[in-house]
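Inspection log for the structure reproduced underneath, given as structure tokens.
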Amino acid sequence: MSERIKRLIDKLEENHTLVKEEWVEIFDNYDDSDREYAAEKARAVAVGVFGNKVYIRGIVEFSNVCKNDCYYCGIRCSNSNAQRYRLTDEDILSCCDEGYEYGFRTFVLQSGEDYKEYPASRMAEIIKRIKASHPDCAVTLSLGEMEYDDFKLLKEAGADRYLLRHETATREHYEMLHPKVMSFDHRMQCLSQLMELGYQVGTGMMIGSPFQTSEYLANDMLFLHDFKPHMIGTGPFLPHKDTPFKDKPKGSYELTLFVLSLCRLMLPRVLLPATTALGTINPLGRENGVLAGANVIMPNLSPTAVRKKYMLYDGKICTEDATSECRQCIFARMKRIGYEVEITRGDYKP
Ligand code: SAM
Ligand code: FES
């Protein structure tokens with residue numbers, strides 16, 4: 001282990017911040033023992049804040065229709081091999097009802113950018129109905145970029161949280177991952193509007209997305225530090241066979257775990273999921289994510305019949321399973337590593 005990297009990890013734990021050169025130095029030089037050193041510290045911080053508990057959120061992937069064409073994403077509009085589907089309002093509500101029976105107290109409604117079919121007015125009605133049936137639950141949205149008035153309408157309808165990954169905090173990198181019509185500035189503007197409107201906001205980036213460098217990752221860490229999201233969603237980039245990035249290498253499992261630990265040390269109270277992509281790249285990814293400082297797991301509540309169609313990357317796990325199986329599986333996985341799933345909304349606590 002390099003003494004220098006260890007000292008930087010100590011400094012991050014103490015001051016919750018590093019300068020750009022220090023981040024770059026960490027990403028360029030860390031080894032496995034540095035990563036384990038950070039994981040141990042991050043785990044202790046997470047246990048200090050949350051105990052040996054993890055929160056669960058149930059994701060309802062209600063439409064895989066998307067107007068965008070992100071180069072990395074399997075449901076991009078140019079992928080003519082994707083079989084498109086849309087759930088009805090009744091379908092979405094019954095996924096939430098089933099989730100409630102199994103102990104979920106947060107429902108995450110996620111989709112491609114499909115506003116023609118699901119305008120904010122329709123989403124607002126769905127949110128109101130979920131809240132009426134389950135007033136003790138939180139509703140999280142992950143619908144992509146919108147305009148201020150739509151975000152406002154959805155917040156007023158009862159939405160509690162919004163997940164919108166920044167994807168990369170470096171403009172030139174953003175432009176390598178997205179077609180010209182997509183705007184880095186608009187994505188960043190959405191994130192500040194969500195904060196302003198009082199949402200609990202989640203953002204984040206893929207680890208090992210094509211063309212990512214240590215400097216770009218350093219910029220992501222600096223952005224996260226300054227933006228102070230309530231949640232950070234970060235998982236490895238995994239290629240999808242029908243995208244322009246089909247031959248790009250997948251992100252590093254170890255680096256993803258390391259970044260989770262660094263996020264925990266930087267923002268001790270942040271909600272940090274061990275993502276499905278992490279569970280896909282390694283069969284014990286979610287367990288090791290929690291042991292590296294994560295405290296949230298987000299199983300799927302979508303009907304089994306559509307799960308395979310929400311294929312963001314090849315090999316996505318849990319596409320054959322039903323909600324009851326994922327629930328059992330997650331409870332057992334957490335128990336095996338000495339953690340317990342808490343039946344609660346799991347809000348961010350400042
Ligand atoms: N449309 C919404 C949006 O843009 O925020 C939500 C759905 S989008 C598919 C959710 C996230 O999936 C993206 O923010 C991206 O980081 C992640 N994702 C997409 N393709 C991926 C891939 N090939 N590997 C890993 N993660 C991917
Ligand atoms: Fe879905 Fe394990 S979480 S099967």
Side-chain angles (χ1 to χ4, degrees), residues 1-55 168-169 202-209 212-237 250-275 277-279 281-282 284-297 334 337-339:
M1 180 189 315
S2 108
E3 262 321 287
R4 172 77 188 151
I5 302 296
K6 188 165 164 282
R7 290 286 81 84
L8 288 175
I9 293 168
D10 292 344
K11 187 172 171 187
L12 175 66
E13 182 184 30
E14 207 175 306
N15 302 342
H16 308 299
T17 185
L18 292 176
V19 298
K20 183 164 172 181
E21 294 68 35
E22 293 170 327
W23 282 118
V24 172
E25 190 178 347
I26 288 190
F27 292 128
D28 277 344
N29 297 298
Y30 78 96
D31 63 18
D32 279 347
S33 64
D34 299 321
R35 186 171 57 76
E36 277 154 26
Y37 182 75
E40 242 168 66
K41 283 183 174 289
R43 180 158 71 236
V45 170
V47 168
V49 177
F50 303 102
N52 280 51
K53 302 270 170 74
V54 292
Y55 299 144
T168 170
T203 193
M205 64 286 179
M206 289 176 281
I207 304 302
S209 58
Q212 190 177 63
T213 61
S214 297
E215 190 189 342
Y216 293 168
L217 255 189
N219 290 340
D220 288 321
M221 298 308 286
L222 294 172
F223 167 72
L224 292 171
H225 174 266
D226 293 346
F227 183 62
K228 301 211 174 356
H230 305 93
M231 197 201 99
I232 299 173
T234 184
F237 161 74
K250 62 185 177 194
S252 154
Y253 170 56
E254 288 77 15
L255 178 56
T256 307
L257 293 174
F258 190 39
V259 169
L260 286 175
S261 300
L262 298 172
C263 287
R264 172 61 65 214
L265 294 175
M266 185 168 71
L267 297 167
R269 313 191 70 82
V270 80
L271 299 162
L272 198 57
T275 58
L278 188 61
I281 199 170
N282 184 292
L284 293 178
R286 288 169 296 177
E287 288 87 328
N288 286 325
V290 169
L291 295 173
N295 76 311
V296 175
I297 308 265
M334 291 302 112
I337 57 165
Y339 282 71

Starting at CG of Leu291, measure out to CG of Asn288 and round the result to the nearest 0.5 Å. 5.5 Å

Output all residues satisfying ring-ring contact (aromatic ring centres under 6.0 Å, His included) with Phe258, sequence neighbours left out; order by chain, then residue number. Tyr30

With sequence neighbours excluded, residues passing salt bridge (charged side-chain N to carboxylate O under 4.0 Å, His left out) with Asp28: none

Using the test salt bridge (charged side-chain N to carboxylate O under 4.0 Å, His left out), find all partners of Arg269 that sit at least two apart in sequence or belong to another chain. none

To the closest 0.5 Å, what do you measure between CZ (Arg286) and CG (Leu278)? 9.0 Å

Set of residues satisfying salt bridge (charged side-chain N to carboxylate O under 4.0 Å, His left out) with respect to Arg43, sequence neighbours excluded: none

Just jot down the ring-ring contact (aromatic ring centres under 6.0 Å, His included) partners of Tyr55, sequence neighbours excluded, or say none. Phe50

How far does CZ of Phe227 sit from CD1 of Ile232, to the nearest 0.5 angstrom? 10.5 Å

Nearest 0.5 angstrom please: Ile9 CD1 to Arg4 CZ, how far? 11.5 Å

Walk me through whether Arg35 and Glu254 qualify under salt bridge (Lys or Arg N to Asp or Glu O under 4.0 Å). CA-CA 8 Å; Arg35 186 171 57 76; Glu254 288 77 15; 5.1 Å; no

Salt bridge (charged side-chain N to carboxylate O under 4.0 Å, His left out) partners of Glu13, counting only residues at least two apart: Lys41

Qualifying salt bridge (Lys or Arg N to Asp or Glu O under 4.0 Å) pairs, either residue in residues 215-231, two or more places apart: Lys20-Glu215

All heavy atoms of Cys263 vs all of Leu272, minimum pair found to be CB-CD1, 4.1 Å

Reported CG-to-CD1 distance for the pair Asp10 and Ile5, which is rounded to 0.5 angstrom: 11.5 Å

Tell me every residue that passes side-chain hydrogen bond (donor to acceptor under 3.5 Å, both in side chains) with Tyr339, counting only those two or more places apart in sequence or in another chain. none

For Lys11, what residues pass the side-chain contact (heavy atoms from CB on, under 4.5 Å) criterion, not counting sequence neighbours? Asn15, Leu18, Glu22

Please identify each residue that fulfils side-chain hydrogen bond (donor to acceptor under 3.5 Å, both in side chains) with Thr168, with sequence neighbours left out. His173

Lys250 meets the side-chain contact (heavy atoms from CB on, under 4.5 Å) criterion, sequence neighbours left out, with Leu238, Pro239, Ile281

Holding to side-chain contact (heavy atoms from CB on, under 4.5 Å), I want the full list of residues that pass it with Met266, two or more places apart in sequence or in another chain. Leu12, Trp23, Met221, Leu224, His225

